[in-house]
Every structure is written in C-alpha cells, then in structure tokens.
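Below is one structure, written out as structure tokens; the observations come after it.
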Amino acid sequence: MKILRMAIIGSGQIAQVTHIPNYQSMGNVEIVGICDTRLEAAKMAAEKFGIENYYDSHREMLKEVKPDAVTVCVPNKFHCQITLDALSAGCHVFCEKPPAITLEEAECMAAKAEEMGKLLSYGFHFRASEHVAFLKNRIAAGKMGEIYHTEVKWHRRRGIPGWGCFTNKDIQGGGPLIDIGAHMLDCALYLMDYPEISYVCATSSDRIGKTSKVGLMGRWDSERFTVEDGIFGYVCFADGTSLDLQTSFAVNRKERDVRSVKFYGSKEGAELFPLEIYREEDGQLVDLEFPFLEMRDWHLDIDTNFVKACLGEGELLVTARQGAYIQKLICALYESARTGRPVIY
C-alpha cells in the first residue's frame, strides 16, 4: 500500500478537530510532523495525537521531515507564503479556504503548483456533498435545462465568532463573505461551470458588529471589529446568467442559521441544502425530495479525495484554478462594496 507522508502547518481548532483525526483514520496516511509559530502549541498537539516531530518553523520542518504533502491550517493572511514554500519544497498542498486574501496571491499559488507539477487544493468541503454530486450529474444530463439565475445565501442571526481572528480584516481579509459565504459561492460556481464574470456590484454593513456584543457564538470586541457583518451582491456573467449573494455573521432575522444555494433552470429548479427539485411532471407541479440520499462527513470526504489524488488514485475535486476563480469573485464583491461602484470586466 502506498503511504502519503503528511505534515500539518498550524495546530489550531481546524487541524485538531478535523484534519488530524481524519488523516489518522486512514490507513494510507502517516502524519510525520506538525508545526506552529508557538512551539508549545505544536508540542501539545504532537503529544495529544502521537506525532513524533514538532516545530515552530514550517521551513525547518519541510527541510528536515521532507513530507510528501502538507495541510495548511493557519489564518488567511499566511496561506500564500506558506503554500508557496511547501510547493517549492516539492510537496502537494491542501490549504484551508479561502485560497488567500488577494487574487494576485491565489493566482501566484496556482501558477507555482503548475510550475512544480504538484497538486494544490482548498478546503471547500461542501463541494464533497453527495447532494452536490447528484445535482452536478443532473445538470450535466440536461435535466434542468438552461440555468439562468442562482441565489447564494448563508446568514447567521448573531454568529460573529467570539474567538480567533475572524473579526480582524488584516489577518482574515474580510468577514462572512470570505469565511462562510465562500462555501456557498464555491458550490454555486462549481455547478454553473465557472462562467466568465462580466459585472459585479455589492454593498456591505458593519452596523451590528461595531455596536453590539450580544451573540450566539461568543462575545467579540466591537471596538476592534474591522470586517463586514453582512454583504449583499449581484453578479452578471458573460453568458447572460446571473447570481445573487447574501451572507452575514449578524443580521436581524428570525432564523439562527440559514444556508442555501438555489438554481433556476428552464426545465426545473433546485435548492441545496438539503437537496430539493421543483419541476412540472404530467401536467402537475411536483416537488422532489431526497430523504434517503446518503449524508456523509464532507470534511472527511474532501481530505480523502486529496489523499487519493496525491497517491495517483483519483482526480482532485477542488483545483487551484477553481480556487483562484472564487478568490477573484470574492475580491470583486469586496471592491464594489468598498468603493460603492460596480466592478466591470
């Protein structure tokens, strides 16, 4: 059996709750090192999970351990340089989403992966959903007809994270759009097959984040809140299709959490999550639900896909160029919201 020698960069929550347990559950992965800028944090994680080598420098770890692949679990600001270092060291890279903070960084990362002949993927784990795969096949078979409009939504009533650096624009690059909205955008554009972007406009708000501290995911420092608490945008594509986006960490609405991607097609419509299809059949309007469609662990599925791709046993589900496309759209939405003007390509 081929074994993938994996190293972990960043020892925080996403590494310890998700990626390390996932990899250790696989028989074809060996975690050979972990690093964190805080050596004590790396040591604690190494002892907790039985990882032999720990470091406070990712460059030192890459040089000494020589892993086949790395998983990058650090704040967004540091994604680009660490990914470039790992690719340059001859490693495949799985980087948590979003790809980076700027489009230039995401494109640079994709180009370096191509130059080195290595795989680069991102943690858009909703893409691994069996509902998304089912709908992808349905669209490819022409059953939905022409998809002409999509609605993307992830709202939290008061879901501003009260931990980490989620409210720090310098470190994260933004708020809900780059954090949770990016997942829904990724699903939508994957199913729309990445049409050419022609026009982007958006507005944003930080009214709640800067004036309140009452939340459902901990308390935050409103005086140091530098990201948006909500963003609302509209995208036109060169093929005449369009997309409406709404995403928020905090918005005054009834529901605690709402996430969905809706597709309007000429033959039928569909909604994720969960999957439903709306169509006409035998002269009647019909709603289709899929209660028995398998629900798996999407984090585990996306990690498994990356490992198999690295071992030459499958195709990568999320590619570097797809990640750069999503980064382009995120940056355009932020630019329009910041300037109050549309971004036209």
Side-chain angles (χ1 to χ4, degrees), residues 97-98 123-157 159 176-195 197 200 202 230-237 239-299 301-302 317-318 322 325-326 329-330 333:
K97 61 82 202 164
F124 288 115
H125 64 279
F126 281 81
R127 176 94 70 86
S129 161
E130 52 286 330
H131 294 185
V132 172
F134 183 94
L135 195 54
K136 182 74 168 176
N137 290 334
R138 195 173 186 90
I139 292 170
K143 293 184 177 181
M144 290 193 68
E146 180 186 0
I147 295 175
Y148 53 87
H149 183 68
T150 303
E151 292 181 10
V152 174
K153 184 181 298 183
W154 191 338
H155 283 303
R156 291 176 179 167
R157 178 169 182 172
L177 172 59
I178 206 167
D179 184 46
I180 57 176
H183 280 300
M184 300 297 102
L185 273 179
D186 176 71
C187 288
L189 274 304
Y190 170 65
L191 292 170
M192 294 174 73
D193 202 24
Y194 307 98
I197 303 167
V200 179
I231 191 164
F232 312 88
Y234 193 83
V235 184
C236 291
F237 301 99
D239 62 2
T241 61
S242 55
L243 179 148
D244 178 83
L245 164 81
Q246 299 180 32
T247 184
S248 63
F249 275 161
V251 66
N252 290 320
R253 60 181 297 154
K254 179 179 180 179
E255 302 89 350
R256 178 188 180 117
D257 186 280
V258 175
R259 66 185 77 167
S260 70
V261 183
K262 298 180 180 180
F263 300 91
Y264 299 102
S266 57
K267 293 183 180 179
E268 61 184 29
E271 180 172 359
L272 297 164
F273 298 92
L275 174 62
E276 294 181 349
I277 291 174
Y278 317 110
R279 59 177 290 121
E280 177 184 338
E281 195 170 296
D282 297 327
Q284 298 293 324
L285 299 180
V286 178
D287 296 349
L288 304 179
E289 299 180 352
F290 301 84
F292 301 109
L293 194 60
E294 183 184 6
M295 293 288 288
R296 301 187 300 266
D297 181 340
W298 303 336
H299 278 291
D301 285 351
I302 203 76
L317 181 59
V318 180
Q322 291 169 352
Y325 178 104
I326 298 301
L329 188 50
I330 288 171
L333 287 161

Taking Y190's backbone N and O only, do any of them form a donor-acceptor pair with R127's side chain (distance below 3.5 Å, no angle check)?
no

Does the side chain to side chain donor-acceptor pair (under 3.5 Å) test come out yes or no for E255 and H155, once each step is laid out?
CA-CA 8 Å; E255 302 89 350; H155 283 303; over 6 Å; no

Heavy-atom pair of closest approach, residues T241 and I147:
CG2-O, 3.2 Å

Distance in Å, D179 CG paired with F249 CZ, rounded so as to fall on 0.5 Å steps
4.0 Å

Counterpart residues, side chain to side chain donor-acceptor pair (under 3.5 Å), relative to R156 (two or more places apart)
none

Going through the distances and angles, do Q322 and F124 end up as a side chain to side chain contact (heavy atoms under 4.5 Å, CB included)?
CA-CA 11 Å; Q322 291 169 352; F124 288 115; over 6 Å; no

Assess, by modelled atom type and distance only, whether the side chains of Y234 and S242 contain a donor and an acceptor separated by less than 3.5 Å.
yes

Nearest 0.5 Å, what's the CG-CZ distance between L243 and F263?
8.5 Å

Could you walk me through whether V235 and L245 pass the side chain to side chain contact (heavy atoms under 4.5 Å, CB included) test, one step at a time?
CA-CA 8 Å; V235 184; L245 164 81; 6.0 Å; no

Side chain proximity check, L272 to F126, heavy atoms < 4.5 angstrom:
no

Where A128 and R296 come nearest, the two heavy atoms and their spacing
O-NH2, 3.6 Å

Side-chain donor or acceptor of T247 paired with backbone N/O of W154 under 3.5 Å:
yes

When you look at T150 and L191, which way does the side chain to side chain contact (heavy atoms under 4.5 Å, CB included) test go after all the steps?
CA-CA 10 Å; T150 303; L191 292 170; over 6 Å; no

Kindly determine whether M295 and H131 satisfy side chain to side chain contact (heavy atoms under 4.5 Å, CB included), including the steps that lead there.
CA-CA 8 Å; M295 293 288 288; H131 294 185; 3.5 Å; yes

Out of curiosity, I326 CD1 to D186 CG, how far, rounded to the nearest 0.5 Å?
5.0 Å

Minimum heavy-atom distance between S248 and P176, given as atom pair plus value
C-CB, 3.6 Å

Would you call the rings of H183 and H125 parallel, tilted or perpendicular, where under 30° means parallel and over 60° means perpendicular?
perpendicular

Keeping Y325 on the side-chain end and P195 on the backbone end, is there a donor-acceptor pair under 3.5 Å?
yes

Determine the interplanar angle of the W298 and F273 rings, folded into 0 to 90°, and report it as parallel if under 30°, tilted if 30 to 60°, perpendicular if over 60°.
tilted

Minimum-distance pair of heavy atoms, taken over all atoms of A188 and V152:
CB-CG2, 3.6 Å

Say whether, by atom type as modelled, one donor and one acceptor occur between the side chain of R253 and the main chain of R157 under 3.5 angstrom.
no

Run the salt-bridge test on R279 and D287 with the 4.0 Å N-O cut-off and return the result as yes or no.
no

Quick one: CG on L275 to CD on E289, what's the gap to the nearest 0.5 Å?
9.5 Å

What do you reckon, is CD of Q284 surrounded by more than 12 foreign heavy atoms closer than 6.0 Å?
no

What's the spacing between S129 OG and L135 CG if we round to 0.5 Å?
9.5 Å

Roughly how far, to the nearest 0.5 Å, is the OH atom of Y264 from the CG atom of D244?
9.0 Å

What pairs meet the side chain to side chain donor-acceptor pair (under 3.5 Å) rule with one or both residues in residues 134-146, with sequence neighbours excluded?
R138-E268

